[in-house]
Visitor: 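Once you've had a glance at the structure underneath, I'll fire off some questions.
Sequential numbering from 1 along the given sequence is applied to the chain's residues. Because the structure is predicted, anything quoted here is derived from the model rather than measured.
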Amino acid sequence: MHQYIVNASIQILPIVQDKHAYEWVDEAIDVIRGSGVRYEVGPFATVLEGTYEEVTAVIGKVNEFLYERGCAEWISSIQLQIRSGGDITGESKTAKFKQ
């Protein structure tokens, strides 16, 4: 894959009863925070920006982390936007709406 910037969103929906779902989400965000990839936490999903390889590696790390920590079940909802000829960033898509 090319080395342009892509962006993605990841939403983790734990289906668990062992602890509050937000605790699992907070731990998943800690994995993202430690990745070095640019990110922005939103109320429903976290947006990631980096190369395709960087972003997909972080998504994989989040899911592997949940598995290794014993999360019984979760939905990992992912959206990934790729532009063939250049960078695609969240800022380029939302700047016109900022006051």
Side-chain angles (χ1 to χ4, degrees):
M1 182 60 72
H2 62 59
Q3 292 298 305
Y4 294 120
I5 299 298
V6 303
N7 62 36
S9 69
I10 181 169
Q11 179 187 47
I12 300 297
L13 302 167
I15 304 169
V16 295
Q17 295 181 5
D18 62 336
K19 59 184 176 180
H20 194 285
Y22 287 178
E23 292 179 53
W24 284 111
V25 172
D26 290 348
E27 291 178 29
I29 292 169
D30 284 342
V31 172
I32 294 168
R33 182 179 292 126
S35 73
V37 169
R38 184 176 176 179
Y39 70 96
E40 182 176 336
V41 176
F44 294 102
T46 299
V47 176
L48 310 172
E49 287 187 1
T51 65
Y52 176 84
E53 288 78 13
E54 291 169 336
V55 168
T56 57
V58 172
I59 291 168
K61 286 179 185 176
V62 166
N63 287 301
E64 188 64 29
F65 172 83
L66 293 169
Y67 173 75
E68 289 176 357
R69 295 278 293 155
C71 186
E73 186 176 354
W74 67 97
I75 296 169
S76 187
S77 181
I78 298 162
Q79 293 180 307
L80 179 63
Q81 185 172 9
I82 302 164
R83 181 173 286 158
S84 294
D87 294 339
I88 182 71
T89 65
E91 179 67 22
S92 68
K93 296 190 292 187
T94 62
K96 65 184 176 185
F97 300 107
K98 295 185 179 175
Q99 299 178 2

Visitor: OG1 of Thr46 to CD of Glu40: how many Å apart, nearest 0.5 Å?
Guide: 9.0 Å
Visitor: So if you build clusters from Ile, Leu, Val, Met, Phe, Trp, Tyr with side-chain heavy-atom gaps below 4.5 Å, do Val41 and Val58 land together?
Guide: yes
Visitor: Is there a path of hydrophobic side-chain contacts, each under 4.5 Å between heavy atoms of I/L/V/M/F/W/Y residues, joining Leu80 to Leu48?
Guide: yes
Visitor: Taking all non-hydrogen atoms of both residues into account, name the closest pair between Val37 and Glu49 and its distance.
Guide: CG1-O, 3.0 Å
Visitor: Quick check: closest heavy atoms across His2 and Val6, and the distance to 0.1 Å?
Guide: CE1-CG1, 4.1 Å
Visitor: How close do Ala21 and Pro14 get, counting heavy atoms only, and between which atoms?
Guide: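 Nearest heavy atoms, Ala21 then Pro14: O-CG, 3.7 Å.
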Visitor: Is it true that Ile15 and Val62 fall in one hydrophobic cluster, defined by side-chain heavy atoms closer than 4.5 Å?
Guide: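 As far as the 4.5 Å side-chain criterion goes, Val62 and Ile15 are not connected within one cluster.
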Visitor: Can you check whether Ile88's main-chain N or O pairs, donor with acceptor, with Ser92's side chain at less than 3.5 Å?
Guide: no
Visitor: Might you point out which heavy atoms bring Trp74 and Tyr67 nearest each other, and give the distance in Å?
Guide: CH2-N, 3.5 Å
Visitor: Any chance you could measure Phe65, atom CZ, to Ile32, atom CD1, to the nearest 0.5 Å?
Guide: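 Result: 11.0 Å between the selected atoms.
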Visitor: Spell out, yes or no, whether Val47 and Ile78 are grouped together once hydrophobic residues are joined by side-chain heavy atoms under 4.5 Å, including indirect joins.
Guide: no
Visitor: If we only count heavy atoms from C-beta on, is the Trp24 to Leu66 side-chain gap below 4.5 Å?
Guide: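 A side-chain contact exists here, since the closest heavy-atom pair is under 4.5 Å.
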Visitor: Output yes when Glu27 and Lys19 qualify as a salt bridge under the 4.0 Å nitrogen-oxygen rule, no when they do not.
Guide: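 Here Glu27 pairs with Lys19 in a salt bridge, since their nearest N and O are under 4.0 Å apart.
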Visitor: Give a yes or no on whether Gln79 atom CD has more than 12 heavy-atom contacts from other residues, nucleotides or ligands under 6.0 Å away.
Guide: no
Visitor: So how far is it from Leu13 CG to Phe44 CZ, rounded to the nearest 0.5 Å?
Guide: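 Reported to 0.5 Å precision, the distance equals 11.0 Å.
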Visitor: Atom CD1 of Ile12 and atom CG of Asn63: how far apart are they, to the nearest 0.5 Å?
Guide: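 Separation between the atoms: 5.0 Å.
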Visitor: Would you compute the distance between atom OG1 of Thr56 and atom CD1 of Ile10 and round it to the nearest 0.5 angstrom?
Guide: 11.0 Å
Visitor: Would you give the length of the straight line joining atom CG of Asn7 to atom NZ of Lys93, rounded to the nearest 0.5 angstrom?
Guide: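 Going from the CG atom of Asn7 to the NZ atom of Lys93 covers 4.0 Å.
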Visitor: Of the non-hydrogen atoms in Cys71 and Val16, which two are nearest, and what is the gap between them?
Guide: SG-CG1, 3.7 Å
Visitor: Of all heavy-atom pairs between Gly50 and Val55, which one has the smallest distance, and what is that distance?
Guide: N-CG2, 3.5 Å
